[in-house]
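One structure is given below, encoded as structure tokens.
Below, read A as the first sequence line, B as the second, and so on, with proteins coming before strands; counting in each chain starts at 1. As a basis for the values below, the full set of heavy atoms in this structure was taken, side chains included, without hydrogen atoms, waters or symmetry mates. Everything numeric in this text was worked out from a predicted model, so none of it was measured.
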Amino acid sequence: MTKQSMSKVEAHLARRYAREKRFRFYGLLSVFVGFAFLVVLFTSIISKGYTAFQQTYIQLDVTYDADILGLYDNPTESDWLYANYDGLIKAALRERFPEVTSRSEKRELYKLVSSGAKFSVRDSLDNNEELLGTTATLWVLADDDLDSVLKGHIDRTLPEADRRVKDQHLVWIDSLVENGEVEKRFNTVFFTHSASAEPEQAGVWGAIKGSFFTLIVTLVLSFPVGVAAAVYLEEFAPQNRWTDLIEVNINNLAAVPSIVFGLLGLAVFLNFMGLPRSAPLVGGLVLTLMTLPTIIISSRAALKAVPPSIREAALGMGASRMQTIFHHVLPLAMPGMLTGTIIGMAQALGESAPLLMIGMVAFVAEVPQGITDPATVLPVQIFQWADLPERGFVERTSAAIMVLLAFLIAMNAFAVYLRKRFERRW
Amino acid sequence: MKKILLSAVAALAMGGMTQAVQARDLVAVVGSSTVYPFAIVVAENFGRTGPFKTPKIESTGSGGGMKLFCEGLGVNTPDVTNASRRMKMSEYEMCQENGVKEITEVLIGYDGIVLANARQSQQLDLSLRDIFLALAKDVPNPDGSEELVPNPYKTWNEINKNLPKTEIEVMGPPPTSGTRDAFNELAIEGGCKTFPWLKAIKSEDKNRYKAICRSVREDGAYVEAGENDNLIVQKLEANPDALGVFGFSFLDQNADKVQGSKIGGQAPTFDSIATGDYPVSRPLYFYVKNAHVGKVPGIEGYVREFVSAKASGQEGYLTEKGLIPLSPKEHREMEKSVRQFESMNW
């Protein structure tokens with residue numbers, strides 16, 4: 001080679017290297033941008049929501065006064081149920097702040113304690129007649145406004161008229177804080193209660209259980225059907241126009257917007273079949289339609305990845321086609337199928353649009369006990385809290401998003417684990 | 001381990017399955033998203049105090065609720081629907097056709113619609129006419145002649161020189177919302193009526209009148225910001241020049257962030273809405289299917305809780321959520337008639 005052509009090659013080589021460097025840089029940049037968005041999302045959710053995991057409680061010396069309760073000789077079950085527990089809390093507050101005398105001031109004073117506190121007083125008394133007349137020190141839920149003040153969500157420096165919490169309240173709150181009569185505790189209510197109109201009494205347990213029942217229905221229906229369809233299409237079906245048509249349709253279904261499945265669910269499951277509205281049964285049916293294509297497609301890919309030599313060897317040893325598939329092909333394809341199923345389930349867990357049409361976007365305070373009870377699901381709970389006016393729901397919305405993300409991460413991590421643990425490379 | 005897990009899941013699933021589809025044991029409520037925050041408080045108080053289950057409440061919007069409510073009788077139809085406006089004649093007829101004959105109408109109180117902006121901006125003092133001129137699609141020619149021109153106004157001070165020189169930008173709910181219906185009817189039409197020649201059209205051609213007086217401009221000055229009022233509040237904080245349209249309860253809860261504009265010289269406060277001095281307020285209703293009373297457990301109790309003085313009365317717990325209550329006399333009469341489940345007649 002002449003010197004001239006060598007220098008040409010070298011110049012070209014430098015350009016090639018530069019191009020490769022640039023390409024790598026672009027790649028790195030896009031990964032970085034994606035990661036940066038993720039960090040922004042997580043910081044905004046976590047910084048808004050972490051305070052929701054704590055809840056303020058107020059200490060009260062409650063005297064179980066039978067006169068206030070309205071309980072006389074031999075109270076009946078319903079006397080206990082409807083007794084004036086609220087009155088006990090009000091009396092305790094009046095005793096704690098004896099300087100409050102006017103009627104309007106008292107009304108303001110009562111707002112320090114959550115309207116749900118009466119139920120914990122009821123539980124603490126537990127229909128026990130022997131406790132009447134005694135005094136107990138109880139920690140009851142504080143109102144969401146007080147909670148917001150202690151967490152710094154309400155700006156105390158604003159003029160009084162512009163604040164929800166008035167100066168009067170701040171004086172009372174400060175006095176409680178000074179005497180150690182308020183305490184921030186881990187918010188167990190958030191994990192054990194269902195939807196509520198009051199932020200301090202609202203929780204995600206009902207929604208978690210609703211999501212669980214819905215996903216169980218989805219899994220029980222979509223996994224066997226999806227796998228069976230994939231096995232048939234991949235292993236038994238002849239290659240002709242009909243199977244092509246089916247394949248195109250399955251791929252199409254995977255791309256249909258989820259709200260369409262909701263409309264279908266409304267028309268078929270509710271109006272035609274008469275299944276109950278707002279039930280996880282119907283939600284699961286609708287989500288099954290949505291996840292089936294995902295499962296079928298990933299299962300077929302998993303079956304395709306099993307090398308033909310396995311099938312040929314089995315057939316060569318005299319196994320029937322059925323035996324070949326069930327003894328050899330399916331076990332090898334299973335990790336891939338499960339991965340696809342879990343990803344489909346994770347998608348279904350995050351779905352709320354199709355559930356709108358079948359009435360699962362609802363206020364359901366009862367924790368569902370079965371698949372026909374009215375229920376709601378986690379993403380719907382988030383959607384609803386985001387829509388409520390009370391300030392306390394802002395942090396709870398973010399906290400519920402964290403719970404949902406935790407479930408999603410756990411499910412996806414499980415899918416990765418399955419793949420790593422059982423996948424075989426050929 | 002795997003087997004235990006599988007059987008546990010199967011057992012749970014079976015437990016759910018065996019509960020066959022049965023008669024509903026809780027009250028089903030649908031309807032307006034404005035009444036929803038009030039209804040859930042009542043439902044919760046009712047459910048947690050007594051032996052009945054907490055009613056299930058769907059927020060479908062007033063129109064959507066009526067449609068479901070009037071579908072017919074039976075466990076798969078709702079027992080109660082909430083509305084941020086009165087039932088329409090056409091809806092009543094649909095109910096009658098589908099066998100929903102006896103309906104109890106309950107007026108629970110009022111809600112104000114506010115036009116608010118961020119606290120750091122100046123509080124506006126608007127008249128209904130200003131609102132009409134700022135937001136209607138076609139407005140009377142600014143030169144004073146009696147003809148309509150496409151809305152030419154860009155800034156508030158072009159309409160009324162006492163208003164600031166900021167761009168007209170109003171964020172509000174979409175047409176499917178009851179709040180929007182009421183806003184169009186009370187604020188925009190209210191301003192429209194102040195022009196005598198526009199008002200005169202009403203007796204000549206009702207449809208044309210509605211088309212003029214209830215239309216909203218579509219050139220970007222009115223932004224449809226979705227049904228989520230919290231979102232509007234957040235956007236107002238970010239954009240101090242913009243105004244937002246939403247219910248009074250959101251103003252009440254976010255008084256440290258946004259302020260309501262005065263309308264007709266009246267600031268939106270609890271008292272000015274209750275007395276009716278504040279011009280943009282609307283009644284809130286719910287409707288009960290009488291045929292379901294006694295069949296679905298809890299309807300009677302839920303309705304009684306809702307109309308009781310401790311809930312919707314002058315000092316009831318709903319007033320803390322921003323409901324403007326009826327006057328004591330109105331409330332007593334309403335409570336009396338509702339307890340009898342007196343059916344409405346058109």
Engaged part of Glu198(A) at the chain B interface, taking heavy atoms whose separation is under 4.5 Å: both

Heavy-atom side-chain proximity of Phe363(A) to Thr54(B) below 4.5 angstrom: yes

side-chain contact (heavy atoms from CB on, under 4.5 Å) against Phe119(A), all qualifying residues, sequence neighbours excluded: Arg122(A), Arg48(B), Thr49(B)

Contact winner vs chain B - Ser194(A), Ser115(A), Ser278(A), Ala365(A), heavy-atom pairs under 4.5 Å: Ser278(A)

Derivation and outcome, salt bridge (Lys or Arg N to Asp or Glu O under 4.0 Å), residues Arg277(A) and Glu58(B): CA-CA 11 Å; Arg277(A) 225 180 134 76; Glu58(B) 277 181 64; 2.8 Å; yes

ring-ring contact (aromatic ring centres under 6.0 Å, His included) partners for Phe183(B), two or more places apart: none

Interface moiety of Asn254(B) toward chain A, non-hydrogen atoms closer than 4.5 Å: both

CE on Met357(A) to OG1 on Thr60(B), rounded to 0.5 Å: 10.5 Å

Contacting moiety of Pro78(B), where chain A heavy atoms sit under 4.5 Å: neither

Contacting region of Ala43(B) [heavy-atom separation from chain A under 4.5 Å]: side chain

Verdict with reasoning, Arg391(A) to Asp256(B), per salt bridge (Lys or Arg N to Asp or Glu O under 4.0 Å): CA-CA 11 Å; Arg391(A) 195 64 65 78; Asp256(B) 55 338; 2.7 Å; yes

Salt-bridge contact Glu390(A)-Lys321(B) (side-chain N to carboxylate O under 4.0 Å): yes

Within-4.5 Å side-chain heavy-atom neighbours: Val361(A) and Ser59(B): no

Pair Arg24(B) + Asp373(A), salt bridge at N-O below 4.0 Å: no

Part of Gln259(B) within contact of chain A (heavy atom distance under 4.5 Å): neither

Asp387(A) side, atom CG; Tyr36(B) side, atom OH - distance, nearest 0.5 Å: 8.0 Å

Residue part contacting chain A, namely of Leu68(B), when any heavy atom lies under 4.5 Å: side chain

